[in-house]
Amino acid sequence: MSVDRQDSWSLYGKSFTSRLLIGSALYPSPQVMCEAILASGAEIITVGLRRQSPEHGGGEAFWQQIKSLGKTLLPNTAGCHTVKEAVTLAQMSRELFETDWLKLEVVGDDYNLQPDPIATIEAAQQLSKMGFKVFPYCTDDLVVCQRLRDAGCEVLMPWGSPIGTGRGLMNPYNLQTIRERLPSLPLIVDAGIGKPSHAVQAMELGYDGILLNTAVAQASQPVTMAEAFRDALSAGRKAYRAGAMPARQTASPSTPTLGMPFWHQ
């Protein structure tokens, strides 16, 4: 599949052609993970520091496989519940992965894994001052997004729905409002994307990218599903750029007869 290089985008000064960010967890095997990531065309991979057990030298084989893919890494603070935990894990990730990019997650509720808005904003402020390039995972709340922007985040990642639910975009209105009110900020829908059609919908709203993991990793054919999401993002982005027709309350003929001649036998 050809890549539209004219539609490249930039995150913290680094340019990419793929708008799909993909996770590295939950795959049936490391080999399937590598094949699916390559099939997706994604150029950014999220990795969890807790999987590495760096204090015991663990995760070396996994780390070497990730490195062999030659992709940009986005370490995450998954599993953190406090600002202190997130900041400490971020500092460890910068040392281990040799990057100041960071997906910030501070869980506020263990039932639906909803991020804690207050702790996330506070952590984002601290990490931005420490030189991290923060990608905050947040809910689809406009005010929270505005506060995260003010905290120094140059990219925002509101959820479509809770992590791992596959329910798609629960509140398109909220997501569209964020897009309209923050027109120049890169926005990535993170979490809840279960089907390629969900990704198309998000891209048609004008979102810049999609971050997903479970929908590919736990599909019966992860590689094929990765290809499906790759194509879905391309279709959604092209539809957004082309300009979708507005929804109407009344029918309108696709072949109008007004002003056209009629022929009679």
Side-chain angles (χ1 to χ4, degrees), residues 9 11 16 18-26 36 40-42 44-46 48 74 76-78 103-117 120-121 124 134-149 153 155-183 185-219 222 225-226 228-240 244:
W9 61 319
L11 298 171
F16 300 92
S18 171
R19 293 174 177 268
L20 177 62
L21 293 72
I22 195 165
S24 55
L26 305 176
S40 74
I44 301 173
I45 306 174
T46 61
L74 180 61
N76 68 51
T77 62
K103 176 185 174 182
L104 175 61
E105 295 184 43
V106 185
V107 176
D109 182 86
D110 286 325
Y111 177 73
N112 67 357
L113 301 180
Q114 179 171 327
D116 182 327
T120 299
I121 293 169
V134 182
F135 293 66
Y137 165 58
C138 59
T139 56
D140 52 0
D141 184 296
L142 173 62
V143 176
V144 170
C145 288
Q146 290 172 326
R147 297 295 180 268
L148 287 168
R149 175 203 58 191
C153 299
V155 179
L156 301 179
M157 302 202 301
W159 71 1
S161 51
I163 293 174
T165 62
R167 298 180 65 87
L169 308 188
M170 292 191 303
N171 200 326
Y173 172 80
N174 279 9
L175 291 172
Q176 187 169 18
T177 299
I178 294 169
R179 174 73 287 173
E180 291 172 353
R181 294 293 300 276
L182 301 173
L185 207 64
L187 298 177
I188 299 167
V189 172
D190 176 14
I193 300 296
K195 299 184 291 187
S197 57
H198 298 158
V200 170
Q201 183 184 12
M203 298 303 288
E204 288 178 340
L205 289 176
Y207 274 69
D208 299 284
I210 303 291
L211 194 161
L212 54 83
N213 188 170
T214 308
V216 168
Q218 296 196 331
M225 186 62 77
F229 273 106
R230 177 199 65 196
D231 296 344
L233 264 71
S234 177
R237 178 63 181 173
K238 288 179 178 177
Y240 172 72

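Throughout, residue positions are numbered sequentially from 1 according to the sequence presented.
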Spacing of [atom1] belonging to [X] relative to [atom2] belonging to [Y], to within rounding of 0.5 Å:
| X | Y | atom1 | atom2 | value |
| --- | --- | --- | --- | --- |
| Gln114 | Asp109 | CD | CG | 6.5 Å |
| Lys195 | His198 | NZ | NE2 | 4.5 Å |
| Trp159 | Asn112 | CH2 | CG | 4.5 Å |
| Ile210 | Ile188 | CD1 | CD1 | 9.0 Å |
| Arg237 | Arg19 | CZ | CZ | 4.0 Å |
| Phe229 | Leu20 | CZ | CG | 8.0 Å |

Distance-minimising heavy-atom pair for [X] and [Y]:
| X | Y | result |
| --- | --- | --- |
| Pro196 | Ala232 | O-CB, 3.5 Å |
| Ala215 | Met225 | O-CG, 3.5 Å |
| Val216 | Ala36 | CG1-CB, 4.1 Å |
| Pro162 | Met170 | CD-CE, 3.7 Å |
| Thr120 | Leu104 | O-CD2, 3.5 Å |
| Tyr207 | Leu175 | OH-O, 2.6 Å |

Checking side-chain contact (heavy atoms from CB on, under 4.5 Å) for the pair Lys103/Leu21: CA distance, chi angles, key distance, verdict?
-> CA-CA 11 Å; Lys103 176 185 174 182; Leu21 293 72; over 6 Å; no

Is there a donor-acceptor pair under 3.5 Å between the side chain of [X] and the backbone N or O of [Y]?
| X | Y | result |
| --- | --- | --- |
| Ser161 | Leu169 | no |
| Asp190 | Met157 | no |
| Ser18 | Gly41 | yes |
| Asn213 | Ala25 | yes |
| Tyr137 | Ala191 | no |
| Thr46 | Leu74 | no |

Does a side-chain N-to-carboxylate-O contact under 4.0 Å join Arg179 and Asp208?
->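 A salt bridge links Arg179 with Asp208.
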
pair Cys145-Leu182: side-chain heavy atoms closer than 4.5 Å =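 Yes, close enough: below the 4.5 Å cut-off.
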
Evaluation steps, side-chain contact (heavy atoms from CB on, under 4.5 Å), between Leu148 and Ile121 = CA-CA 6 Å; Leu148 287 168; Ile121 293 169; 3.9 Å; yes

Do other residues, nucleotides or ligands put more than 12 heavy atoms under 6.0 Å from the CZ atom of Arg149?
->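 Above 12, so yes.
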
Residue pairs involving residues 209-219 (criterion salt bridge (Lys or Arg N to Asp or Glu O under 4.0 Å); sequence neighbours excluded) |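 Applying salt bridge (Lys or Arg N to Asp or Glu O under 4.0 Å) to every pair that reaches into residues 209-219, excluding sequence neighbours, yields nothing.
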
Carefully, step by step, assess Arg230 and Ser234 under the rule side-chain contact (heavy atoms from CB on, under 4.5 Å).
-> CA-CA 7 Å; Arg230 177 199 65 196; Ser234 177; over 6 Å; no

